[in-house]
Amino acid sequence: EVQLVESGGGSVETGGSLTLSCVASGLTHSYYCMGWFRQAAGKEREAVASFYTGGGSAYYADSVQGRFTISQDKNTVYLQMNNLKPEDTALYYCAAGTMVADHTRDFEYDYWGQGIQVTVSS
């Protein structure tokens, strides 16, 4: 059974850093689109960063470009977050999909983690 488990969230002050981890298990396809999404209170879920495990350039939302980095080591996907801002406060989700045409569309992903909270204080 497919399972995505996030870890590494927490509370930091403005300008601080956090690294989120997503451990994937049960993924049987050769390649997947892996992505990080976030949802702030009262707002809709938005794409943060994503990549295709078969190769290619990673996608970053304009709001995080230059500050966040997505990477992978075996079955774990990371999201390194630097120079955090209060606007980054949200519940962060790891996602995986097999037939994703647009990495920014959440409904195209097949599997989701439970979500992990990131809070940035001012």
On a heavy-atom basis, the closest approach of M81 and V118 is CE-CG2, 3.9 Å
| query | Distance-only, no hydrogens or angles: does the E44 side chain make a donor-acceptor pair with backbone N or O of E46 under 3.5 Å? | reply | no
CG (L79) and CE (M34) are apart, to the nearest 0.5 Å, by 11.5 Å
| Expected output: side-chain Q39 to main-chain K43 donor-acceptor under 3.5 Å | yes
When rounded to the nearest 0.5 Å, the distance separating OG of S21 from CG of D73 is 10.0 Å
When every non-hydrogen atom of T89 is compared with those of V120, the smallest separation belongs to OG1-N, 2.9 Å
The reported gap from CG in L4 to CG in L27 (rounded to nearest 0.5 angstrom) is 6.0 Å
Practice item. Check the pair F68 / W36 against ring-ring contact (aromatic ring centres under 6.0 Å, His included), numbers first and verdict last. Key: CA-CA 11 Å; F68 290 13; W36 286 96; 10.0 Å; no
Here the pair of heavy atoms bringing M99 nearest to E108 is O-OE1, 3.9 Å
Would F37 and W112 count as a side chain to side chain contact (heavy atoms under 4.5 Å, CB included) if you check the C-alpha gap in whole Å, the side-chain angles of each, and the deciding distance to 0.1 Å?
-> CA-CA 10 Å; F37 289 76; W112 293 84; 3.5 Å; yes
Under 6.0 Å from the six-membered ring centre of Y93 and within 45° of its axis: does the NZ or CZ of R45 meet both?
yes
When every non-hydrogen atom of C33 is compared with those of V100, the smallest separation belongs to SG-CB, 3.7 Å
Please determine if D102 and R105 form a salt bridge, counting it only when a charged side-chain N lies under 4.0 Å from a carboxylate O.
-> yes
When every non-hydrogen atom of G9 is compared with those of I116, the smallest separation belongs to N-CD1, 3.1 Å
State whether the side chain of Q80 and the backbone N or O of T19 hold a donor-acceptor pair below 3.5 Å, judged by distance alone. no
Side chain to side chain contact (heavy atoms under 4.5 Å, CB included) between Y78 and L20, worked out: CA-CA 6 Å; Y78 302 93; L20 304 182; over 6 Å; no
*Do the side chains of Y92 and V23 join up, straight or via other hydrophobic residues, at under 4.5 Å, putting them in one cluster?*
no
message = Is there a path of hydrophobic side-chain contacts, each under 4.5 Å between heavy atoms of I/L/V/M/F/W/Y residues, joining Y111 to Y31?
response = no
To the nearest 0.5 Å, atom CD of E6 lies from atom SG of C22 at 5.5 Å
R38 and L91: side chain to side chain contact (heavy atoms under 4.5 Å, CB included), yes or no, with the steps? CA-CA 5 Å; R38 68 185 182 187; L91 191 65; over 6 Å; no
- Query: Would a 4.5 Å heavy-atom cut-off, applied to side chains only, mark Y60 and T69 as touching?
  - Reply: yes
Students often mix this up, so state it plainly: with edges at 30° and 60°, are the rings of H103 and Y109 parallel, tilted or perpendicular? perpendicular
What one should report as the nearest heavy-atom pair of T104 and A47 is CA-CB, 3.7 Å
Worksheet item: Taking C-beta and beyond as the side chain, do Y59 and F51 meet within less than 4.5 Å on heavy atoms?
Response: no
Output for pair (C94 SG, I70 CD1), nearest 0.5 Å, gives 8.0 Å
- Where the side chain of T14 meets the backbone of K85, is there a donor-acceptor pair that is under 3.5 Å apart? no
### More than 12 heavy atoms from other groups under 6.0 Å of CD on Q114
no
